[in-house]
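First the structure, in the form of structure tokens, and then the observations on it.
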Protein chains: 2
Amino acid sequence: MAKVSMREVADRAGVSVGTVSHVVNGSSRVAASTARKVNEAIDELGFVRNAAARQLRSGHSSSLGLVVLDTSNPFFASVAHGARQACDEAGLSLLIGDSGTDEVRESKYVDLFAEQRVNGLLVTPTGSDLSQLESVAGRGTPVMLVDRASRGYALSSVTVDNVAGGRMALDHILAGGCTRPAFIGGPQSLPQVADRLLGARGRAEESGLELPVFGTEELTILAGRNAGEKVVALPDGERPDAVFCANDLLAVGFMQAVLMFSDLRIPDDIAIVGYDDIDYAFSTIVPLTSVRQPAELLGRTAVETLLQENASVSHEHHDREFTPELVVRGSTRPI
Amino acid sequence: MAKVSMREVADRAGVSVGTVSHVVNGSSRVAASTARKVNEAIDELGFVRNAAARQLRSGHSSSLGLVVLDTSNPFFASVAHGARQACDEAGLSLLIGDSGTDEVRESKYVDLFAEQRVNGLLVTPTGSDLSQLESVAGRGTPVMLVDRASRGYALSSVTVDNVAGGRMALDHILAGGCTRPAFIGGPQSLPQVADRLLGARGRAEESGLELPVFGTEELTILAGRNAGEKVVALPDGERPDAVFCANDLLAVGFMQAVLMFSDLRIPDDIAIVGYDDIDYAFSTIVPLTSVRQPAELLGRTAVETLLQENASVSHEHHDREFTPELVVRGSTRPI
DNA sequence: CAACAATATTGAAACGTTTCAATTCATCGT
DNA sequence: ACGATGAATTGAAACGTTTCAATATTGTTG
């Protein structure tokens, strides 16, 4: 119950501390009879190895830190899941910190993990200033940006091409014959949002169209519903005939507003495209067309790339970018 | 970049290691000028405190471990959120492990956290055998069961009364005038599911009614949809006029099946009650009546109770039980 | 200005493991 | 029976902090 160290185990089993260590770590050549004696002593005394001492001596931590924006967003839940799997396979444990888009908390977790001497740190940063991360990386903790490009900072990153995704969404909307598209989303300080808009607007302008923006404060269902209420209240001539939402939560909320507060039909009167393709997108009453991001793969690749970079001698930074994929469902006209 | 310890900082600042420690830990009385010198040295050298050494010496870890069934289930996401907040307030960090209802992985995380000497361990166990947890608790790591009663084991617990919740659901269904209720859910090896059924069935029998069960393998949207397809295919006389689903994900899937594969109206032809009241329940096209569990409060209380027990001398076990609350929405007839 | 109190700083001993060179022990070939 | 060989075990030195008694430095007061 109290303090049981290898010392006590060794005494009880009548061997030296070194031998106990060997037994506990399985590996080394220890006589079967000795191993048995030691294991009995361990059970009898209820010995639990002290990870702090182990790590202090060995210098390793065998864990990775992940700091995400928001665990309750299904997209990040998937990223975490993929990262977890990759860690399992590498025999590492994954410690998760949830910043809740709070820069202070994010910073706290980054420091905590650095002190913990994690083998690496995966971060989706909230703000635009990445200098803390750069400095942490400089002090010996490898950092990998997740879902955020390294633009100008000496950091590695794994991202999905948001500009291409935005373009895809608009491409599909225009191919369906819509002529008055709009963008729903915000805040534009999030690069994810800004880039999706950039790609979408670029494509719209190629067809000689404007792309009006209905801004939101957050990327939540409620924000989407509020935006939807405004849109459906517009007179027929001014109302968009298609909206591209910066993420699926917005799209779900928007759809609710359309169904609750108007007689507009989806997709005939108004088409809706979301982003992320979260599991719930498939579960809305009018199944949602969405730009799918390979969320689990993103998490998995972030871990794997980080481990690779750790293993290699050269300390280059890599920027890995995935391409999103359009998933067409009932909320838009097919082709 | 390489190893920078307090030794190097001390040399650089021209003070002793002890003084550096005092500066780093803020607290003690150190002359302002000395503190400045030390801090400069820290910045110049990029010193990062070694948590392992700190913990080894002090014996404390200032962190809590949480092992949940499934991070991607919004209910558990909320539990984790509540726990995180309570930890923040207590100045602890929360490490999350996701067992994915895999007993082996659960056991791995429990061991990992025990070796880490966490101040406490919050676990929602997958299986029925809690002896590993009891033994870990006996070896000095306080354990708190979350959303799982301690029945027979010498462990503390924080739960929500599932029997009462089940009864509530049926009560509401019967008050709405339904006469052929059914239960959707499984596996019954999960105490959460079994207890909800128990409460519901008890209430049904008081009104002289049967409560047929449509079993599911998992508590997911897809499983709910499959169950729903079976139910709507039944002939008019045999089909339930109300279903109580073991959780909201099932209810959402069930609702989809009703809307996609039948002309039945909700709630007039078939009423639906879910469980958990996750955020998405409010977001389904027919807003879902659900038995709300105070998920965040559950997580918060688990942490707070654990810390209280740690602080007290007596090592009693506490079982704290909350009562759920019915939230009536459009998927059932009001009163 | 001496004596004392209050405040700053130092030094060194843990904390519990891993690791590796050194030592002991058993086995085998000749 | 005797080294030689290899396997099993031991001992002790780190790892980098915290902590606390001891010491040094200042400031205050009669």
Side-chain angles (χ1 to χ4, degrees), chain A residues 1-39 41-42 45-63 111-112 114-118 139-141, chain B residues 1-39 41-42 45-63 111-112 114-118 139-141:
Chain A
M1 178 95 62
K3 33 145 203 182
V4 177
S5 72
M6 283 192 176
R7 179 75 258 146
E8 281 78 44
V9 175
D11 288 350
R12 173 96 167 207
V15 300
S16 77
V17 177
T19 301
V20 175
S21 176
H22 287 140
V23 172
V24 168
N25 293 305
S27 53
S28 211
R29 64 251 182 184
V30 180
S33 61
T34 311
R36 198 169 38 72
K37 272 191 304 181
V38 171
N39 281 319
I42 288 178
L45 297 171
F47 167 73
V48 179
R49 180 172 54 187
N50 183 321
R54 173 191 182 70
Q55 175 181 335
L56 172 58
R57 169 59 222 217
S58 68
H60 289 305
S61 77
S62 74
S63 63
D111 279 344
L112 177 71
E115 288 188 0
Q116 216 100 270
R117 298 289 191 275
V118 292
R139 293 171 184 191
T141 302
Chain B
M1 176 94 66
K3 33 145 203 178
V4 177
S5 71
M6 282 190 175
R7 177 78 260 145
E8 281 78 42
V9 175
D11 289 349
R12 175 95 168 208
V15 299
S16 77
V17 178
T19 301
V20 176
S21 175
H22 287 140
V23 172
V24 168
N25 293 303
S27 53
S28 211
R29 63 249 183 188
V30 179
S33 62
T34 311
R36 197 170 38 72
K37 273 191 304 183
V38 172
N39 281 318
I42 287 177
L45 296 171
F47 166 73
V48 179
R49 178 172 54 187
N50 184 320
R54 172 192 183 69
Q55 175 181 336
L56 172 59
R57 170 59 224 216
S58 67
H60 289 305
S61 76
S62 74
S63 63
D111 280 343
L112 177 73
E115 288 188 1
Q116 217 101 270
R117 298 287 191 276
V118 292
R139 292 170 185 193
T141 302

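Note on naming: letters A, B, ... go to the chains in the order of the sequence lines (proteins, then strands), and numbering restarts at 1 for each one. Keep in mind that what you see is a predicted model, and the values were worked out from it rather than measured.
- For D/dA14, its base sits under 3.5 Å from the side chain of A/Arg57 at one donor and acceptor pair at least.
- Straight-line distance from the NE2 atom of B/His22 to the C1' atom of D/dT17: 12 Å, rounded to whole Å.
- A sub-4.0 Å separation between OP1 or OP2 of C/dG16 and a side-chain N or O of A/Ser5 is absent.
- Here C/dT17 is the nucleotide among D/dT18, C/dT9, C/dT17 with the atom lying nearest to any side-chain atom of A/Arg54.
- D/dG16 atom C1' lies 13 Å from atom CG of B/Asn25, rounded to whole Å.
- In this structure, B/Thr19 reaches the bases: a heavy-atom distance under 4.0 Å links it to at least one base atom across the strands shown.
- Checking C/dT18, D/dT19, C/dG16 against the side-chain heavy atoms of B/Ser58 singles out D/dT19 as nearest.
- Counting heavy atoms from C-beta on, the side chains of B/Thr34 and B/His22 never come closer than 4.5 Å.
- Close to D/dT9, at under 4.0 Å from its OP1 or OP2, lies a side-chain N or O of A/Thr34.
- One interatomic measurement links the two molecules: NE2 of A/His60 to C1' of C/dT19, which rounds to 12 Å at whole-angstrom precision.
- Within the nucleic acid shown, B/Val15 comes within 4.0 Å of sugar-phosphate atoms alone, with no base atom in reach, counting heavy atoms only.
- Put simply, CD1 on B/Ile42 is 16 Å from P on D/dG16, counting in whole angstrom units.
- The B/Asn50 side chain lies nearest to D/dG16 when the options are C/dT19, C/dA8, D/dG16.
- When side chains are defined from C-beta on, A/Asn25 counts as touching A/Arg49, because their heavy atoms get closer than 4.5 Å.
- Following rounding to the nearest Å, B/Arg117 (CZ) and C/dC15 (P) show an atom-to-atom distance of 14 Å.
- With a 4.5 Å cut-off on side-chain heavy atoms, A/Met6 and A/Asn50 do not count as touching.
- From B/Gln116, atom CD reaches atom OG of A/Ser63 across 7.0 Å, with rounding to the nearest 0.5 Å.
- Across the protein-nucleic acid pair, B/Gln55 atom CD and D/dG16 atom C1' stand 13 Å apart, rounded to whole Å.
- For the pair B/Arg7 CZ and C/dA12 C1', the computed distance is 12 Å after rounding to whole Å.
- With rounding to whole Å, B/Asp11 atom CG is found 14 Å from C/dT10 atom C1'.
- Here the CZ atom belonging to B/Arg12 is positioned 14.5 Å from the CZ atom belonging to B/Arg7, to the nearest 0.5 angstrom.
- Nearest to the side chain of B/Leu56, among D/dG16, D/dT17, C/dG11, sits D/dG16.
- Heavy-atom distances to DNA chain C give each of B/Ala35 and A/Met6 a nearest nucleotide, and the one nearer the 5′ end belongs to B/Ala35.
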